[in-house]
Amino acid sequence: MTVLLKLLRLVRPFTWWMILAIITGFATIGSSIGLLMTAAWLLSKAALHPSFHELQIAIVGVRFFGIARGALRYIERLVAHSTTFRLLSNIRVWFYASLEPLAPARLQQYKSADLLQRIVGDIDALENLYARVIAPPATAMMISGLLWVLLGYFSWEISLTVLLFHGAAALVIPLISGMLNRGSALQLSRTKAHQQAATIDYVQGMAELQLFGQIERHLETMRAQKQQELNIQRKQALVQRAHEPLIGLCMNAAVITVLWKLGPLVTSGAIESIWTAVIVVGIMASFEAFLPLPDALQHLETDREAGKRIFDIIDTEPAVTTPPHPLEFPSDHSISFSNVTFCYPGSATPALRNISFDARHGEKTAIVGPSGSGKSTITSLLLRFYNTTEGSITIGGTGLQQMDPDIVRRNISIVSQKTYLFAETIRQNLLLGNPQANDQQLANALQQAGIGAFARKLDQWAGQHGMQLSGGERQRIAIARTILQQAPLIMLDEATASLDTITEKKVMEQMISLTHNKTLLVITHKLQAMEQFDRIIVLDRGTIVEEGSHSDLLQQKGIYSSMWKLQHETVIPDIL
Ligand SMILES: Nc1ncnc2c1ncn2[C@@H]1O[C@H](COP(=O)(O)OP(=O)(O)OP(=O)(O)O)[C@@H](O)[C@H]1O
């Protein structure tokens, strides 16, 4: 389906609103035409010194059209703005709802700035869809129809002549303008996306740019991008500025041609001379409806480009889908990986190869291994961000793919190494885990996460990305949030990596005791409190190389034993 048809499908729920706005738009310009034509008739007639009685209806007509024009213009603006904003908010909600199933797997290919430009800039561009693309041609067509009927009363030849000039104003001028500005909408949206990316990089990477002395170079790139945007806008404006004079030219040409045709008709007495001025001002007033048309084509190109960029994302097949009849989340929370192989989209090398393991209900399982061995990939698969390439994963015997991904995620609490804190207070960040929690419950959770002192700072602002807190504090707030969530399955993915060794050990022991009857899966490369885990799985380059309890693995004298020795028998300062 073409982008335009898809866009029209989006505006379909507002059909009646749009019809109402188009009718009021038509009535407004129609009143203008009525006002000028009645006034012209009145003046022409008055020149012939008729009785007051003969002018009475025209005087009432002038008053009526004068008041109607103002009132209708107000109503038209009200309806048009209301339609535009309803439409925009509908498109925005639709876009967010369609985006959610694509996260995170399908959105990873987009730069965050590009995504932001699509979410904000491209959706905003669609603001023009109704008011500047759909409404003006519809109103112009109706006005042209009105003139056709009004002038047809006098002469079909005059009627046809005006129709031809209306056609030229509606088609020829916009087409020439469109040709001159071809591709500029695409260039503009790309330039804006690049600018947004550069601005975000500038703000977020300012410290790095300063350290490497690259501020001036980065600013130069931004200046060049701004200049490029200005050049495109200048070119667009040059063409746009010509629209009004060209429409005026068309109008004057129409008037001259009509006058030329009217001459013989008036001389022959086929048309009374009093109507000459009426016909001429009617034609002149009708061209008001054609003024926005050349811009409409420009906006159409912008909207098509914005729509294309939006549908590029939305039409992507989600990496995971909800089955038509999802099964319930089981009460047994054992996790089982069976011959699982997984390749990230676009990657030829599997991140996990044929791995099988069980993490039984209520047991504590640790997955350890060197960096890049595939530990976090296990988390992504369990949270159903991706489907396995081969093999299956079950919870309590039910296949992950047979359940609703949202329900699975609601039952698994996770603290990852990339904790995200919202630019809100500590309280708001904690309430994400349990919106109903009272202050006492928040304080208990903070205490259990090892930052009891924050119970007195619940209303402190966490800062952008939680930057008003240290890395360790952020991590412990995230742990407290997980404690509040009370999900039956808990996963810690390098959750304590940013803590010092002593605190890390303490928090880990606390988590193990807090999750007494729960299934706990801990992913780590720092071997802390390992003796307390029921099972330890050692991963290396995507495969399970060792499995067993802490003492078993030490006896095997394999990778685990070497890692343990390195971390515990050699004195390695924390700062390394
Ligand atoms: N989104 C992704 N797209 C493509 N490849 C990826 C992606 N994420 C991870 N990988 C690759 O998959 C492999 C396993 O990565 P993973 O993050 O699971 O390792 P890890 O053991 O958790 O590492 P670390 O301890 O450093 O976090 C790595 O080779 C990595 O480059």
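Just follow the structure's listing: the first ligand is 1, and inside any ligand the first atom is 1.
A centroid separation of less than 6.0 Å is found between the aromatic rings of F342 and Y386.
Among residue pairs with one or both ends in residues 452-462, those qualifying as side-chain hydrogen bond (donor to acceptor under 3.5 Å, both in side chains) are R427-D459; sequence neighbours excluded.
Residue L7 comes nearest to G307 through the heavy atom pair CD2-CA, 4.2 Å, listed as atom of the first residue, atom of the second, then distance.
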Check ligand 1 for N or O atoms under 3.5 Å from a protein N or O and list each pair with its distance.
residue, atom, partner, partner atom, Å
ligand 1, 1 (N), Q108, OE1, 3.0
ligand 1, 18 (O), S376, N, 3.3
ligand 1, 18 (O), T377, N, 2.9
ligand 1, 18 (O), T377, OG1, 2.5
ligand 1, 19 (O), G374, N, 3.3
ligand 1, 21 (O), G372, N, 3.4
ligand 1, 21 (O), S373, N, 3.1
ligand 1, 21 (O), S373, OG, 3.4
ligand 1, 21 (O), G374, N, 3.1
ligand 1, 21 (O), K375, N, 3.0
ligand 1, 21 (O), K375, NZ, 3.0
ligand 1, 22 (O), S376, N, 2.9
ligand 1, 22 (O), S376, OG, 2.9
ligand 1, 23 (O), G372, N, 2.9
ligand 1, 25 (O), K375, NZ, 2.9
ligand 1, 26 (O), S371, OG, 2.5

Could you give the side-chain donor-acceptor pairs of residues 486-493 under 3.5 Å, partners two or more places apart or in another chain?
residue, atom, partner, partner atom, Å
D493, OD1, S376, OG, 3.4
D493, OD2, S376, OG, 3.1
D493, OD2, T379, OG1, 3.4

Tell me which donor-acceptor pairs under 3.5 Å the side chains of residues 529-540 have, and how far apart each pair is, sequence neighbours excluded?
residue, atom, partner, partner atom, Å
D534, OD2, K364, N, 2.6
R535, NE, D358, O, 3.2
R535, NH2, E363, OE1, 3.4

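The backbone N or O of G369 lies less than 3.5 Å from a partner atom in the side chain of K375, making a donor-acceptor pair.
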